[in-house]
Number of protein chains: 2
Amino acid sequence: MFCSTMSRVEDKHLIGRLNERLSNSGFRFTPQRQHVYAVLSRSGDHPTAEEMFIRAKQEMPDISMATVYNCLDALVKSGLAKQVMVERGAIRFCPNMTAHSHFYCDSCQGIFDIEVPVADGWQLPKGYEAERFDLTIHGRCPECNSWKR
Amino acid sequence: MFCSTMSRVEDKHLIGRLNERLSNSGFRFTPQRQHVYAVLSRSGDHPTAEEMFIRAKQEMPDISMATVYNCLDALVKSGLAKQVMVERGAIRFCPNMTAHSHFYCDSCQGIFDIEVPVADGWQLPKGYEAERFDLTIHGRCPECNSWKR
DNA sequence: CTAGGTGCAAAAGGTTTGCGGTTAA
DNA sequence: TTAACCGCAAACCTTTTGCACCTAG
């Protein structure tokens, strides 16, 4: 099995983090997980599992769908990716682990990472203990807005 | 086909709103939609389409799964219900159309309506035009918190 | 009258699982 | 050495679709 993915200089720093995070969460470090992580990390969008499968296959032709699901699951549980659930159908994955929210364009169905100044300490009802939050803002993206309807 | 649903006094005020909202959105007013709306409205939780099917069948035994999906879709498009997407698997439906957010308990997987003071006017990046937002806070609910891990 | 809705059953879409063989630690 | 992982294919769960009949407007 040939895989040139990690020979990229710009990906080098990711490997160490990946290995550490995986083992911290009780997962093994495998070539497939390394590759799926690399492919997701260099994605500028929010691919579905199937899109990840197609992209991963380009450099690792023998990888299977089940393995892609397995790898994505390991990445999510290791804190290296997020699941994004904004529309019906396939779940999407987000490699951006910095604090951010999502914008969903009702016109073009695009998903965009956005930074919005959000008060982190929500005033929750008594007894609730917040761990994290997911904020998705719906509307029209700049591109679709420039068309003016 | 027997359906006692709308004979309830407390549901009377819902019918007018339903009829108006449906026709405003280009949908017909049917007994099935009336019933699904009544069942959802009196739900205190966030049922899946299948849960709605089971509940709706109790008073309308001949209703089909496809019709439940059709009705729920019409309700969502008419602004009488919201879809809630917080976990993998089936989409859930929320009859509460007041401004509120959701709390997802990572421990018991429960979904709760909560009111959090949220600044409605987000400071969005240039070009984005917000229509609405979905906020889900993850953590532990009061019930699970009382167990202390 | 007729466009839209209903029930049924089959298909499609997305994810999970079981299994025999392989491998990271 | 061995528990975890891999690839493959079948199963599973949720949602959509096609069709013949029906009905709200």
Side-chain angles (χ1 to χ4, degrees), chain A residues 1-3 6 15-16 18-37 46-54 56-57 59-78 81 83-93 109, chain B residues 1-3 6 15-16 18-37 46-54 56-57 59-78 81 83-93 109:
Chain A
M1 178 268 300
F2 174 70
C3 175
M6 280 300 178
I15 306 180
L18 172 62
N19 197 337
E20 184 190 329
R21 294 289 188 89
L22 283 176
S23 50
N24 281 352
S25 302
F27 292 107
R28 286 188 183 167
F29 179 78
T30 71
Q32 288 84 350
R33 284 173 183 164
Q34 175 179 312
H35 181 56
V36 168
Y37 181 54
H46 301 85
T48 63
E50 180 156 22
E51 284 164 353
M52 281 299 302
F53 178 53
I54 293 168
K57 254 178 122 151
E59 295 187 64
M60 191 181 270
D62 290 340
I63 197 170
S64 70
M65 193 71 212
T67 296
V68 170
Y69 272 103
N70 177 319
C71 292
L72 290 170
D73 188 58
L75 293 178
V76 169
K77 288 184 175 147
S78 302
Q83 295 182 330
V84 181
M85 284 168 285
V86 293
E87 6 165 53
R88 291 196 190 214
I91 289 174
R92 296 181 170 278
F93 294 87
Q109 286 76 52
Chain B
M1 175 268 301
F2 175 69
C3 175
M6 280 300 179
I15 305 180
L18 172 62
N19 198 338
E20 182 190 331
R21 294 289 188 88
L22 283 175
S23 50
N24 281 352
S25 302
F27 293 106
R28 286 189 184 165
F29 178 78
T30 70
Q32 288 84 350
R33 285 176 182 159
Q34 175 180 314
H35 181 55
V36 167
Y37 181 53
H46 301 85
T48 63
E50 181 157 21
E51 286 164 351
M52 280 299 301
F53 178 52
I54 293 168
K57 256 177 118 153
E59 296 189 63
M60 191 181 269
D62 290 340
I63 198 170
S64 70
M65 193 72 210
T67 295
V68 169
Y69 273 102
N70 176 318
C71 292
L72 290 169
D73 189 57
L75 293 179
V76 169
K77 288 184 174 145
S78 303
Q83 295 181 331
V84 181
M85 285 168 285
V86 294
E87 3 164 55
R88 293 199 190 211
I91 290 174
R92 295 181 172 278
F93 294 86
Q109 284 78 52

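Every chain is numbered from 1, with letters handed out A, B, ... down the list of sequences. Just so it is clear, the structure is predicted and the values come from calculations on it, not from any experiment.
Per the geometry, CD1 belonging to A/Ile54 stands 13 Å off C1' belonging to C/dG14, to the nearest Å. Atom pair A/Asp62:CG and C/dT23:P shows a separation of 12 Å (rounding to whole Å applied). One interatomic measurement links the two molecules: CD of B/Glu87 to C1' of D/dC13, which rounds to 14 Å at whole-angstrom precision. Atom CD in A/Glu20 sits about 20 Å away from atom P in C/dA24, given to the nearest Å. For the pair B/Met85 CE and D/dT15 P, the computed distance is 11 Å after rounding to whole Å. In this entry the distance linking NE2 of A/His35 with P of D/dC5 reads 19 Å, nearest Å. Between the CG atom of A/Asn70 and the C1' atom of C/dT23 there is a distance of 14 Å, given to the nearest Å. The CE-P distance, from A/Met65 to C/dG13, rounds to 14 Å in whole Å.
At the phosphate of C/dT16, OP1 or OP2 sits under 4.0 Å from a side-chain N or O atom of B/Arg88. Contact check, B/Thr67 against C/dG7: a side-chain N or O comes under 4.0 Å of OP1 or OP2. The shortest distance between the side-chain N/O atoms of A/Gln32 and the OP1/OP2 oxygens of D/dG7 is below 4.0 Å. Residue A/Tyr69 has no polar side-chain atom (N or O) positioned under 4.0 Å from OP1 or OP2 of C/dT16.
When the shell of 6.0 Å around CD of A/Gln109 is examined, it contains more than 12 heavy atoms from other residues, nucleotides or ligands.
When each of A/Leu22, A/Leu18, A/Asp73 is checked for a side-chain contact (heavy atoms from CB on, under 4.5 Å) with A/Ser78, only A/Leu22 meets the rule.
Residue contacts for A/Ala66: at a heavy-atom cut-off of 4.0 Å it reaches a base atom on one of the strands shown.
Along DNA chain D, the nucleotide nearest to B/Ile91 and the one nearest to A/Arg33 differ in position, and the one closer to the 5' end is contacted by A/Arg33. Each of B/Arg92 and B/Thr30 was matched to the nucleotide of DNA chain D holding its nearest heavy atom; the match closer to the 5' end belongs to B/Arg92. Both A/Glu50 and B/Phe27 sit near DNA chain C, but only B/Phe27 has its closest nucleotide nearer the 5' end.
The minimum heavy-atom distance linking B/Phe53 with B/Ser64 is given by the pair CE1-C, 3.5 Å.
In this structure, of D/dG7, C/dT23, C/dG5, it is C/dT23 that holds the atom nearest to the side chain of A/Arg28.
In this structure, B/Met52 CE and B/Met65 CE are separated by 10.0 Å, a value rounded to the nearest 0.5 Å. In this structure, CZ in A/Arg21 is found 11.0 Å from CG in A/Leu75, a value given to the nearest 0.5 Å.
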